[in-house]
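Structure, as structure tokens:
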Amino acid sequence: MEIPEVLEIKSVIKENYKTKTFFFNKKIEAEPGQFLMVWIPGIDEKPFAVSFENPLGITVGRVGSFTTQLLKMKKGDKLGIRGPYGNGFKLKGKEICLVAGGRGIIPLAFLAEKFKKVDITAIVGANTKDDLFFVKRLKKYCFRIIVVTDDGSSGIKGFPTDSLKDLLEKEKFDCVYTCGPEIMMKKVFDICENYNTECQASLERYMKCGFGLCGQCCIDDIRICKDGPVFNSKQLSKLTEFGVFERDKSGKKVYF
Amino acid sequence: MEIPEVLEIKSVIKENYKTKTFFFNKKIEAEPGQFLMVWIPGIDEKPFAVSFENPLGITVGRVGSFTTQLLKMKKGDKLGIRGPYGNGFKLKGKEICLVAGGRGIIPLAFLAEKFKKVDITAIVGANTKDDLFFVKRLKKYCFRIIVVTDDGSSGIKGFPTDSLKDLLEKEKFDCVYTCGPEIMMKKVFDICENYNTECQASLERYMKCGFGLCGQCCIDDIRICKDGPVFNSKQLSKLTEFGVFERDKSGKKVYF
Amino acid sequence: MSIKLDVELAGLRLRNPTILASGILGISKKILERVAKSGAGAVTTKSITVKPRGGHNNPIFIQSTKETFLNAVGYSNPGLKAAKKEFEDLSDFPIPVIGSLVGEDAEEFAYLAENIKEIGFKAIEIVLSCPHTPGYGLLGGHGTPEATKEITSAVRKKTKLPLFVKLSPNVMNLGEVAKAAEKAGADAITAVNTLGPGMVIDVETAKPILGFKVGGLSGPALKPIAMRCVYDIYKAVKIPIIGVGGIITGKDAVEMMMAGASAVGIGTGVYYRGMNIFKEVCDEIEEFLESHGYSNVKKIIGLAHRD
Amino acid sequence: MSIKLDVELAGLRLRNPTILASGILGISKKILERVAKSGAGAVTTKSITVKPRGGHNNPIFIQSTKETFLNAVGYSNPGLKAAKKEFEDLSDFPIPVIGSLVGEDAEEFAYLAENIKEIGFKAIEIVLSCPHTPGYGLLGGHGTPEATKEITSAVRKKTKLPLFVKLSPNVMNLGEVAKAAEKAGADAITAVNTLGPGMVIDVETAKPILGFKVGGLSGPALKPIAMRCVYDIYKAVKIPIIGVGGIITGKDAVEMMMAGASAVGIGTGVYYRGMNIFKEVCDEIEEFLESHGYSNVKKIIGLAHRD
Ligand SMILES: Cc1cc2nc3c(=O)[nH]c(=O)nc-3n(C[C@H](O)[C@H](O)[C@H](O)COP(=O)(O)OP(=O)(O)OC[C@H]3O[C@@H](n4cnc5c(N)ncnc54)[C@H](O)[C@@H]3O)c2cc1C
Ligand SMILES: Cc1cc2nc3c(=O)[nH]c(=O)nc-3n(C[C@H](O)[C@H](O)[C@H](O)COP(=O)(O)OP(=O)(O)OC[C@H]3O[C@@H](n4cnc5c(N)ncnc54)[C@H](O)[C@@H]3O)c2cc1C
Ligand SMILES: Cc1cc2nc3c(=O)[nH]c(=O)nc-3n(C[C@H](O)[C@H](O)[C@H](O)COP(=O)(O)O)c2cc1C
Ligand SMILES: Cc1cc2nc3c(=O)[nH]c(=O)nc-3n(C[C@H](O)[C@H](O)[C@H](O)COP(=O)(O)O)c2cc1C
Ligand code: FES
Ligand code: FES
């Protein structure tokens, strides 16, 4: 049934100054990359990746009005959850690399937890030190973590894409998994193509229904919510709108 | 789904001057006593007992306008069938007796076929010789058949209830099964009570929905279509309306 | 915690908020007694007309989809005289019996109300909303605020019994119709009757299946529409509402009461859960209340209207 | 036997009678192309308004029961200018694209019709029937015969394209509304839009779930109502009908065509069977026709009206 199930928030963990994880009294089974529609009763409903499955947890970063309200929620407050929706990242091979930008780390940290049996290298990018989160969580599952900040306040100064290029010069990965700003993901994909490396990216578009009917989340002839949000290299290479534009709440094109 | 399934009539057998059996290209599983709602598309729909189950067959006697139209149906014509509805006669013991009046023989002939492993005595009553049917069918499964007509044109002259009394004077049955005019069934039941013999009767009331909602077929606080149409001695003994009145299409009481 | 399920409805005290809806089973006192034993808080008779009516030809009631039924019974009933006989003595009846009345115009409604006085009905329900019987309800033009006012006033003058007015979900401005009923003296609104009408065509014969071709839609799928109707009516009037349409579970009943209903009617639900539905729904309401810290079912009435 | 599935619809030739209904998927040319590849006979765009609209807050589309969905999208669309860009070149489009237009009054409708001329739409559908967007459809008073006549006439003057008028199942006198559209120059009737509106209240929080609180009902349970609407309209007008509402299977489509539809719209069905529903429904129609000795799908149109 495509209808929110209302759950009580069981605990709240502050990840950084603008990011919190909310845990619910429920277990689910999900693939990394799958997402939920999260309803603030009487207010609005937006998509969030599954961050933890047992107990179910979502991790929310402040962006605009909805996330600001969501971040005010406390233990005992109630949220509606639909999903999980969409497909997930698929495990490919034995040595993999994650490239996370900003809150793109959320599904990738969950991925690391699920795929912990393989060798994982993680490149974690953020604007600045204070924006970082989940690095500790990743450490449990990755044999190597490269932190990159725009301003060099933590780890390497620069962009995660540069670090990826450096790595691919020296090493081979069976698959590169990426989530973050679309411009970054587009670059990650281009680099992977250059180095003949398989890539999987989790895309974002404005979502409404979440189950493939309203058409709001389309990129080319693909519904991100139903056919995605995760796409492999072959699929990404066919997308003419990838890295070019997204659509707003009305469906109007907004160029990156 | 409570909706007629339209079936083609595969063959028609004339049972007597006013009775025919219609066979359909379909198998069902039914208990003897269960009934179907039979729809003449665009006309009306009425209840008929399951007469044969493989292939499905119903046996129809001319009474009024609906049965007259039904009897005109030919091979290849289409009828809608819902059901089977209601409960059925239950096998009790090893020696049983059937008491059929008029077209009450229909579910009882089917019963004999289903219960053929036990010793069956059948008392078959009709107004006159020409009204008889299914006697041959019964012969296959009954070790004894007593035919009774009001006018003595076939078998014994008299009423089936008299024959039953005679039998019960001399013999014991594990159960007496009856179907026919309600006045007859009431007498059968009274006789059985007198002789301390279990009785099962299949009652009739004006039926509309057939699945227990419309209330049209009620006798006391019992829905014939859903709680019946077959009732045992214990149930019959509680019915204050049994043999007293039925209700017409409007629900008005019509006394017997 | 002991949970209170009893509700008050226009002066009637119901042991619980479940009511057998009109047209289901209610042909005789005896079958209504069985429904009472099955746990209902009140029962409604089949609708009573002045003259006996055989109703439409069969099928009068079919399942159109898994969650919907269509009926075009055509108000079959043995008429006022027989009804007076059937229900003449209700003194020993364990719960309130609501008499459902239906006429072709205000005069006939008033005549019925006046003439059922001897019967021990605890309330009268007048039905202005049938979508499939020529001359009655919507096909008689009874769905408008004007007709509602006229008929309700006429009946009001003839009876002191609590008066329920039953409305159709087909009408968009349901708040206005309910207001018209309230102003004209109704003590409660019953919402809703069946929707539509709808039709099912058999594709083998290309014939509509119902005897009357079309019929009113009931069942689980009616619930979201009934919910909006009750919600709108609650905003429009002060008198209590009986929420009817697609109630199958205790959760449905809770939702309907939150929308504004003081009690719920159950009809087609009897198909899905048998006559025990009344007891089962009550048990489920009780469980809900208990697990959510409500001590009294009255506390949830209209809760969806709070901000 | 080779079965013909192509139909004619107000001068359009459709390779088969399935049409993507407005509001489902139709946000871009590319996604409509995918629907065309999935086997549809024609596709309809999301409704286009003059100005961009963000629509209502989420949830805008929820499942109310197993067989029903409620939506209150609120006509989100990027507006006329963006639509002209999006659909500017349809010359290579394999099947007819129907442009759905919606305005607040006759003038706005006419303005839209005049201004989409450059687009290669093969037909225009004007929507007079949304039950959940203030200012539009039923909430804009567009459901009456008078408003239908006024708006249809105004649009007719501005376009030579086949003109479809989309009606609401909420209206009882649908034949009259359809007649008004026909008289005013409509080339076809699309029936029906969503029903209601309906509401779902979350019992944990006592809050209506849809962002707009209420929404129009679609899905399998709408079929019996849509069927009756199409049946009534077929009796009232001579122009062809697109039957929409709860079409999930080929059998549903056959039933709808027997009721009088020349083609069927599919919306919520995409949820139940995915985008392949168009091809699958066509296959099922074909099977039905073959096994029942019909060589041509046109032969079943209106069959339920024969005696
Ligand atoms: C599949 C998917 C998974 C996501 N997972 C997470 C997550 O785990 N944690 C997290 O913090 N955020 C996640 N997001 C992003 C999150 O949905 C947006 O940050 C949030 O909707 C912003 O809403 P707002 O009102 O705070 O900001 P606004 O000011 O409304 O919008 C800011 C930006 O957020 C995006 N956005 C707004 N509404 C939506 C919407 N309905 N659907 C998609 N994008 C929208 C748009 O790009 C918009 O420009 C995910 C998005 C998608 C599509
Ligand atoms: C459970 C059950 C099983 C039956 N099985 C058979 C059977 O196998 N073969 C058979 O020939 N007949 C059977 N009947 C009786 C059959 O339904 C009626 O003979 C038939 O409905 C008469 O319709 P009519 O229009 O021909 O007669 P009408 O002139 O309409 O009625 C004659 C009498 O038939 C009865 N009757 C009419 N309509 C109904 C109805 N809708 N439901 C119940 N009784 C009705 C009434 O007693 C009425 O007085 C069965 C009835 C019931 C209730
Ligand atoms: C078979 C049937 C007969 C009905 N007859 C009546 C009637 O006589 N009078 C009336 O007011 N409502 C009648 N109704 C409407 C119900 O009382 C109820 O309003 C409607 O069915 C919606 O509720 P439900 O979904 O629980 O069935 C009838 C409904 C059904 C299904
Ligand atoms: C999510 C959604 C959005 C819709 N948006 C529109 C719309 O913009 N314009 C319109 O004319 N109809 C719209 N409709 C109505 C559909 O076109 C269709 O008439 C209705 O859903 C019934 O068909 P169905 O049961 O096949 O979905 C919408 C329906 C849904 C479910
Ligand atoms: S969000 Fe509706 S189709 Fe993807
Ligand atoms: S025939 Fe309707 S309840 Fe028995």
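Chain A is the first sequence line, chain B the second, and so forth, proteins listed ahead of strands; every chain is numbered from 1.
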If you count heavy atoms of other groups shown closer than 6.0 angstrom to NZ of C/Lys298, is the number above 12? yes
Is it the case that over 12 heavy atoms from other parts of the model lie below 6.0 angstrom from the NZ atom of D/Lys235? yes
Pick from C/Glu255, C/Met256, C/Met258: which one has the most heavy-atom pairs with chain D under 4.5 Å? C/Glu255
Which of the residues C/Val214, C/Asn170, C/Leu222 is involved in the greatest number of heavy-atom pairs with chain D at under 4.5 angstrom? C/Asn170
Picking from C/His305, C/Lys207, C/His292, C/Arg306, which has the most non-hydrogen pairs under 4.5 angstrom with chain D? C/His292
Where does C/Val200 contact chain D at under 4.5 Å (heavy atoms): side chain, backbone, both or neither? both
Separation of C/Asp232 CG from D/Lys213 NZ (nearest 0.5 Å): 11.0 Å
C/Ala304 to D/Pro208 - nearest heavy-atom pair and separation: O-CD, 4.3 Å
Indicate the atoms forming the closest heavy-atom contact of D/Pro224 with C/Thr65, along with that distance. CD-CG2, 4.1 Å
If one checks every heavy atom of C/Leu195 against chain D at 4.5 Å, the contacting part turns out to be both
Tell me, for C/Pro197 versus chain D, whether the close heavy atoms (under 4.5 Å) come from the side chain, the backbone, both or neither. both
What is the distance from atom OG of D/Ser64 to atom CD1 of C/Ile225, rounded to the nearest 0.5 Å? 8.0 Å
What pairs with C/Glu146 under side-chain contact (heavy atoms from CB on, under 4.5 Å), at least two apart in sequence or on another chain? C/Thr144
Using only atom types and a distance under 3.5 Å, with no angle test, would you say the side chain of C/Glu67 pairs donor to acceptor with the backbone of D/Lys66? yes
With chain C, which of D/Thr205, D/Leu217, D/Val171, D/Asp202 has the greatest number of heavy-atom pairs at distances under 4.5 Å? D/Leu217
Checking C/Leu70 against chain D: side chain, backbone, both or neither under 4.5 Å from a heavy atom? side chain
Heavy-atom distance under 4.5 Å to chain C: side chain of D/Val203, backbone, both or neither? both
Which bit of C/Ile201 is near chain D, if near means a heavy-atom gap under 4.5 Å: side chain, backbone, both or neither? both
